[in-house]
Amino acid sequence: MKRDGFGSRLGILAAAAGSAIGLGNIWKFPYITGENGGAAFILVYLVCIFLIGMPVMLSELVVGRKGASNPVGSFKKIRPKSKWKFTGVLGVATGFIVLSFYSVIAGWVFAYISRAFTGKLVAIAPEELGDFFGGLISKTGEPIFWQFIVLAVTAFIVIAGIQKGVEKYSKILMPVLLGLLVVLMIRSVTLEGASKGLEFLFKPDFSALTAKGVLEALGHAFFSLSLGMGALLTYGSYINKEEKLPSLALQITIADTLIALMAGVVIFPAVFAYGLDPKMGPELIFITLPTVFHEMPLGGFFEVLFFVLIGIAAITSTISLLEVPVSYVSEEFNMPRKKTTIIIAFVIFLIGIPSSLSFGVLGDVTIFGRTYFGNLDFVASNIMLPLGGLLLSLFIGWVWGTKNAIQEATNEGTLKFAFASAYGFLIKYVAPLAIVVILLYATGVIS
Ligand code: PHE
């Protein structure tokens, strides 16, 4: 059977940027930027994205295209009979875990969308929003229901395949997302008192920066660019041999970064204009923004736009998360795609239920001082993703060889790749070293 694949360059870019752009950009980036003092943190983040994230991204695309298979199959093809296939297995496991809790947060977004549409959300008084949010996420049934819907929508698109599912929907959804973001940005920067928010974002104050902030920036670079678990490796396997991978990696990286910054430009001017706290944490978009919309003319309308936008961003990411285990199981065990997708999505749903309950009835059940959700998030984002990135860079730098990787990246030498030697250096030395530091920090070996 011929393997499915992307149909056009634009489709590839929409799907891959769709994977990268997600809750990481619109939900997490603003709140960790807020917690870490703003512009100085963003500068460090940019350095991490371009010097470490981008080379790792190109490496994933290259391994995927060379192997023309799922993460496990691709390593098997490039290094047969070696243990490297376990890097792929780690990626598949990480995808399972990340999707199980990512779908919980995406479910909250869906719950907000349902209330934004009916105008209920905008009617809530600002001082009651904290209780509203806390009440919603601590319920038992409703968040699980929305988590199920998120996974069902994701499975529906994944079942349709790469060209007729992932590519088709990304090509529609990504431009909509960009358009919505621009509208909201204009609204936010024209609020009275917006300039303080822009200053917070763009005028660095290095005294606000901590070692923890620097490491958080690097960890988030991985999460935000969808690296370290084979999502972009899998997408790479659907790309044909003529496409230019280095420029693709650059475009995905720029798109992801721009959207994160744009989300910042939507959120912080509003936060400052209404005298809210930028350091509020994970609730930032769920509490502060509805406050803003409540106060704003046409707030109900902008509120629908905003939460639909986050919902779209989340779905184009969950698709790529689900595609990893689906491609693995269907290819390696020769299972039909539809059946595989339904079974895996359902198992992920089951694993995700305790994550949802971590904000309610299981809130007091902690191991290592963290809830079930807290542990999965910590282990996946701070250990498994960086570990996946580390293994991949060691594989390229020291096993398969940067020469072979560059050969694949330049379409067997037919393409110009001006930064080939910089790429080789970064992936062989800089990326592994930097990642080892985050891992030591995350595991508490250094503090
Ligand atoms: N990059 C996505 C985001 O920012 C999350 C993600 C991580 C998706 C890893 C796929 C793989 O929301």
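Read the numbers this way: they start at 1 and go in the same order the structure lists the ligands and their atoms. Quick note: numbers below take in every heavy atom, side chains included, and nothing from hydrogens, waters or symmetry partners.
Residue V98 places every heavy atom at 4.0 Å or more from ligand 1.
For R337 and E331, the salt-bridge test fails: no basic side-chain N is under 4.0 Å from an acidic carboxylate O.
Taking distance alone, with nitrogen or oxygen atoms compared against 3.5 Å, I21 stays at or beyond that limit from ligand 1.
Exactly one of W108, F286, F133, F101 qualifies for a ring-ring contact (aromatic ring centres under 6.0 Å, His included) with F359. That residue is W108. When K77, K76, K85 are each tested for a salt bridge (charged side-chain N to carboxylate O under 4.0 Å, His left out) with E332, only one passes: K76.
With hydrogens left out, the protein atom closest to atom 2 (C) of ligand 1 is S19 O, 3.3 Å, a heavy atom. Among all non-hydrogen protein atoms, the one lying nearest atom 12 (O) of ligand 1 is Y102 OH, 2.4 Å. Nearest non-hydrogen protein atom to atom 4 (O) of ligand 1 is A20 O, 3.0 Å. The nearest heavy-atom contact from the protein to atom 7 (C) of ligand 1 is F223 O, 3.4 Å.
Proximity annotation for atom 8 (C) of ligand 1: of G228, S226, A260, G388, S226 comes nearest, heavy atoms only.
Taking every non-hydrogen atom of S224 and a distance limit under 4.0 Å, the qualifying atoms of ligand 1 come out as 1 (N), 4 (O). Each of the following atoms of ligand 1 lies closer than 4.0 Å to a heavy atom of L23: 12 (O). Near S320, meaning under 4.0 Å from one of its heavy atoms, ligand 1 places the atoms 10 (C).
Between atom CG of residue L177 and atom CD1 of residue I315 there is a gap of 12.5 Å, rounded to the nearest 0.5 Å.
The aromatic rings of F75 and W84 lie parallel to each other, with less than 30° between the two planes, well short of the 60° mark. A parallel orientation is assigned to the rings of F41 and Y45, their planes being inclined by less than 30° (bins at 30° and 60°).
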(message) Under the criterion salt bridge (Lys or Arg N to Asp or Glu O under 4.0 Å), I'd like the reasoning laid out for R65 against E243: C-alpha separation, chi angles, the key distance, then a yes or no.
(response) CA-CA 10 Å; R65 188 171 68 175; E243 292 301 339; over 6 Å; no

(message) Y372 vs I351, test: side chain to side chain contact (heavy atoms under 4.5 Å, CB included). Steps then yes/no.
(response) CA-CA 10 Å; Y372 177 90; I351 303 175; 3.5 Å; yes

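For M229, every heavy-atom contact with ligand 1 shorter than 4.0 Å involves the side chain, none the backbone.
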